J.: 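Before I ask anything, let me first share the structure, which is written out below as structure tokens.
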Amino acid sequence: MIEISSPVSNLFGEKSKFTQKLKNFGINTIYDLLNHFPFRYEDFSHIYKISEIEPNQTITIQGKIIDLKIHRSWQKKIFITEALIKDDTGSIRAVWFNQPYLRYVLKIGKIVNFSGKTAVDDNREIYLSHPVYEVAEKNNETRHTARLVPIYSETKGLTSKMLRYFIQVALKSLKKIKEWIPKEILLKYNFPEINNAFYQVHFPNNLSEAERAKKRFAFEDVFLLQIYNLKQKLSLSFEKAPKIKLDLDWIKNIIKQLPFELTLSQKKSLWEILQDLEKTKPMNRLLQGDVGSGKTIVAAIASLTCSKQGYQVVLMAPTEVLAIQHYETFKKLFNFIKIKDQPSLGLLTSSTSKIFYETDLESKISKKQIYQEILKNEIQIIIGTHALIQKDVKFSKLGLVIVDEQHRFGVNQRAALLNSKKYLTPHFLSMSATPIPRTLMLTIFGDLDISIINELPKNRKPIITKIVPPENRLKAYEFIREQIKQGRQAFVICPRIEKTVEDVESGKVKKLTPREIFKMEIKNVEEEYEKLSKKIFPDFKVAMLHGKMKPKEKNEIMEDFKNNKINILVSTSVIEVGVDVPNATIMMIEGAERFGLAQLYQFRGRVGRGEHQSYCFLFSDSNSTDTLKRLEAIVKAKNGFELAEIDLKLRGPGEFFGDKQTGFPDIRAKGLMDPEIVKASRESAYWLIKKDPFFKKYPEIAEKLEE
């Protein structure tokens with residue numbers, strides 16, 4: 001017997017060609033194999049009598065082979081195999097092209113099932129064209145004929161027929177899997193038990209059985225996600241947070257001093273955050289808004305509210321470039337507003353540490369010094385990267401944690417920031433510009449309350465977006481040249497490297513390692529930089545930015561770009577999040593079809609931040625209708641949320657999250673898109689947490705959550 005976690009080599013041996021074929025397709029374990037679900041079924045369940053057959057039918061017949069012959073076609077010199085099949089009502093021919101080996105498989109006198117489509121020859125005689133065959137033996141379960149036959153996504157050398165064989169062998173050898181969904185839930189939604197579900201999704205007796213099994217698998221992961229979210233909420237409900245009093249007149253005074261007017265949704269989001277800060281239960285909120293919608297200003301005002309009450313604030317960003325940008329935004333804000341006891345501002349990354357004081361003085365200090373200043377509460381607002389959660393960083397009175405584009409900043413990370421259990425749990429605000437559809441947002445971030453900024457600041461000009469086919473490339477270059485001559489600047493994004501490539505020597509699909517992808521992306525940037533700086537725009541200052549550069553070098557390049565010392569910046573997708581250069585008005589994206597729409601939307605949001613009209617050029621060599629449809633969506637979409645919904649429909653959840661699924665459509669991922677499944681999983685998770693919050697009766701669920 002084999003376990004579901006066993007490698008596929010346990011079925012056929014490590015050196016078997018079958019094992020290698022499965023591994024090349026990304027199927028490494030029995031779990032992977034059983035989760036390679038069919039995307040449709042051929043209905044061969046009804047066995048017809050030969051006398052009942054009509055042209056252009058998809059049928060199954062059962063009969064005895066009474067004749068078998070092979071001959072060559074005189075026109076195309078290909079092998080034609082013909083079998084004459086007889087039952088008690090008549091006879092019919094079955095015809096196959098270029099399969100001479102069938103003479104060794106099909107034997108005269110054998111009773112065989114044939115499933116396939118009927119056709120009519122030149123003599124108006126009905127025959128079976130290329131049918132699937134299977135010897136009909138007593139008590140032998142069929143897998144290719146006389147039933148609903150599963151059809152799978154395939155690859156070179158790995159057909160649905162082979163996959164059916166592998167899966168049936170696996171199911172027969174499999175040790176019984178322990179059921180982990182409570183019986184009450186299985187009964188309520190009419191879900192099959194897990195072992196039956198695997199049989200029924202691959203070899204169902206009827207379509208309704210297959211649908212029930214699919215629903216069970218779609219429900220599973222969404223259910224676990226909902227339990228995880230509720231557990232996070234439950235953990236936080238036992239914690240106590242600092243009560244940060246709201247001084248409404250003081251807030252109004254700050255807003256009045258801003259050099260721009262807050263939008264209605266900015267004001268609404270700020271109000272929701274400030275109300276949460278007044279509670280003694282930790283805030284757990286996601287601030288969602290389009291690129292450039294003004295989330296940082298909302299976070300900055302919330303930060304000032306906390307520092308006024310004597311509490312420290314941490315803002316953590318995923319990259320050094322973004323951390324520095326947030327620091328600069330806060331500095332600008334502090335220069336505009338005049339308040340009593342303005343807080344000091346700190347920056348801490350792996351390579352930089354400095355403080356900005358209320359006296360407008362900025363000084364670089366050592367890491368050791370900044371650690372001491374943080375501990376003594378001499379720095380009230382600290383901005384940085386993951387350097388903030390190192391063991392040397394200890395806070396005096398932490399009231400609010402803000403993270404940018406890192407939603408899963410859970411209880412453990414907060415504990416790392418606290419360094420001690422004696423303090424209150426800080427409030428938590430996550431910010432995101434990644435457009436996520438409402439259904440997915442409520443499922444994935446169900447532990448977070450959500451505030452949405454759904455409008456851009458006033459006087460922002462819409463970004464003109466164009467798809468550029470190869471024949472218009474030179475025109476686009478000329479347009480960019482004219483813009484730069486007028487004093488503007490341009491970003492150039494190099495195409496994303498796919499996770500797999502065709503290996504020319506072996507003819508197989510090769511899976512790339514993260515290191516290989518990284519190297520290839522850098523090579524792309526270097527080649528694009530050489531082309532643009534020497535051939536296309538030799539008269540302009542062109543620079544490049546990629547992940548191999550040291551932080552200091554990256555920061556210097558970004559600083560020069562901001563100060564217009566660089567006309568064109570060639571980069572990998574590192575530029576995607578948070579870079580703010582108001583004078584940059586051109587976003588040029590090479591290989592646009594390789595990026596998801598949400599990512600393209602992020603790139604586009606890097607321009608359009610100043611007074612000048614901005615443009616986004618999507619360069620693509622693809623002629624695919626689907627590709628053009630996707631790219632046209634970004635040209636037409638009014639906002640990020642609308643675009644995310646389109647992206648989800650066009651690509652499915654697996655690719656939406658950036659990880660292609662082997663079985664398409666992926667049943668598990670589709671659960672995220674199904675409102676019924678989301679509702680059922682949420683209700684079930686609430687029922688379970690209420691009944692048994694620590695899973696004493698359901699240890700299997702605790703194990704699944706660990707997985």
Side-chain angles (χ1 to χ4, degrees), residues 7-13 15-45 58-61 70 78-81 83 94-106 112-119 128-136 140-174 198-204 210 214 500 502-503 506-511 654 660-667:
V8 285
S9 57
N10 281 23
L11 286 177
F12 313 108
K15 292 182 180 177
S16 164
K17 63 178 182 180
F18 295 150
T19 299
Q20 208 46 55
K21 280 178 179 179
L22 288 167
K23 283 186 174 180
N24 289 343
F25 200 35
I27 297 173
N28 297 299
T29 65
I30 303 300
Y31 177 87
D32 296 338
L33 180 61
L34 296 186
N35 278 275
H36 187 74
F37 296 130
F39 65 87
R40 66 181 174 88
Y41 302 89
E42 289 276 16
D43 190 356
F44 293 146
S45 56
T58 299
I59 57 148
T60 296
I61 61 165
I70 296 173
I78 58 172
F79 282 106
I80 299 172
T81 306
V95 179
W96 297 267
F97 296 100
N98 261 348
Q99 293 187 27
Y101 63 86
L102 288 177
R103 74 180 91 177
Y104 307 112
V105 180
L106 301 172
V112 180
N113 290 336
F114 294 91
S115 293
K117 200 160 188 179
T118 58
L128 271 172
S129 174
H130 252 270
V132 180
Y133 50 85
E134 193 167 26
V135 175
N140 187 33
E141 186 187 354
T142 60
R143 56 177 166 256
H144 310 302
T145 61
R147 64 169 310 120
L148 275 182
V149 176
I151 307 298
Y152 300 92
S153 60
E154 303 172 354
T155 188
K156 193 177 177 182
L158 196 59
T159 63
S160 283
K161 191 170 184 178
M162 291 168 80
L163 284 161
R164 286 194 288 271
Y165 168 68
F166 299 154
I167 288 165
Q168 196 175 62
V169 170
L171 287 169
K172 284 183 176 176
S173 314
L174 190 64
F198 275 121
Y199 264 99
Q200 289 169 14
V201 81
H202 290 292
F203 299 108
K214 281 183 179 183
T500 55
E502 290 284 339
D503 191 322
S506 66
K508 292 176 184 174
V509 174
K510 181 189 172 190
K511 197 170 183 180
K660 284 189 179 181
Q661 310 295 320
T662 48
F664 184 80
D666 180 26
I667 292 166

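By convention here, the first residue in the shown sequence is residue 1. Please read these numbers as outputs of a predicted model, since none were measured by experiment.
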J.: Drop me the distance from Y101's OH to F79's CZ, to the nearest 0.5 angstrom.
T.: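 Reported to 0.5 Å precision, the distance equals 13.0 Å.
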
J.: Any side-chain heavy atom of Q20 within less than 4.5 Å of one from V8?
T.: no

J.: Any idea which heavy atoms bring W96 and P131 closest together, and the distance?
T.: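 For W96 versus P131, the nearest heavy atoms are NE1-O, 2.9 Å.
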
J.: With a 4.5 Å limit on heavy-atom distance, are the side chains of N113 and V132 in contact?
T.: no

J.: How many angstroms lie between CD in E134 and NZ in K161, if you round to the nearest 0.5 Å?
T.: 7.5 Å

J.: Can you tell me how far CG of N24 sits from CG of L158, rounded to the nearest 0.5 angstrom?
T.: 9.0 Å

J.: So, does H130 use its side chain to make a donor-acceptor pair with the main chain of F97 at under 3.5 Å?
T.: yes

J.: Calculate, to the nearest 0.5 Å, the distance between atoms CG and OH belonging to L128 and Y133 respectively.
T.: 14.0 Å

J.: Can you classify the ring geometry of H36 versus F25 as parallel (below 30°), tilted (30 to 60°) or perpendicular (above 60°)?
T.: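 Aromatic pair H36/F25 classed perpendicular.
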
J.: Less than 4.5 Å apart, any side-chain heavy atom of I30 and any of L174?
T.: yes

J.: For S160 and Y152, indicate whether the former's side chain and the latter's backbone hold a donor-acceptor pair under 3.5 Å.
T.: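 Yes; judged by distance alone, with no hydrogens or angles, the pair exists.
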
J.: Would you check if T81 and V95 make a side-chain contact, meaning some heavy-atom pair closer than 4.5 Å?
T.: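 No. Closest side-chain heavy atoms not under 4.5 Å.
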
J.: If you look at every heavy atom in P150 and F203, which pair is closest and at what distance?
T.: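 For P150 and F203, the tightest heavy-atom pair comes out as CG-CE2, 4.2 Å.
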
J.: Kindly compute the distance separating CZ (F166) from OG1 (T19), expressed to the nearest 0.5 Å.
T.: 8.0 Å

J.: Rounded at 0.5 Å granularity, tell me how far NZ in K15 sits from OG in S9.
T.: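 The OG atom of S9 is 12.5 Å from NZ of K15, to the nearest 0.5 Å.
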
J.: With a 4.5 Å heavy-atom cut-off, do Y41 and I151 have their side chains touching?
T.: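 Of all side-chain heavy-atom pairs linking I151 with Y41, none is under 4.5 Å.
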
J.: What I'd like to find out is whether the side chain of L22 reaches to under 4.5 Å of the side chain of D32, using heavy atoms alone.
T.: no

J.: Which pair of heavy atoms, one from A170 and one from L34, lies closest together, and at what distance?
T.: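 So the two residues come closest at CB-CD2, 4.3 Å.
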
J.: Does the side chain of T159 pick up a donor-acceptor pair with the side chain of E154 at under 3.5 Å?
T.: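 Not at all, the side chains of T159 and E154 share no donor-acceptor pair under 3.5 Å.
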
J.: With side chains defined as the heavy atoms from C-beta onward, is the minimum distance between H202 and F37 less than 4.5 Å?
T.: yes

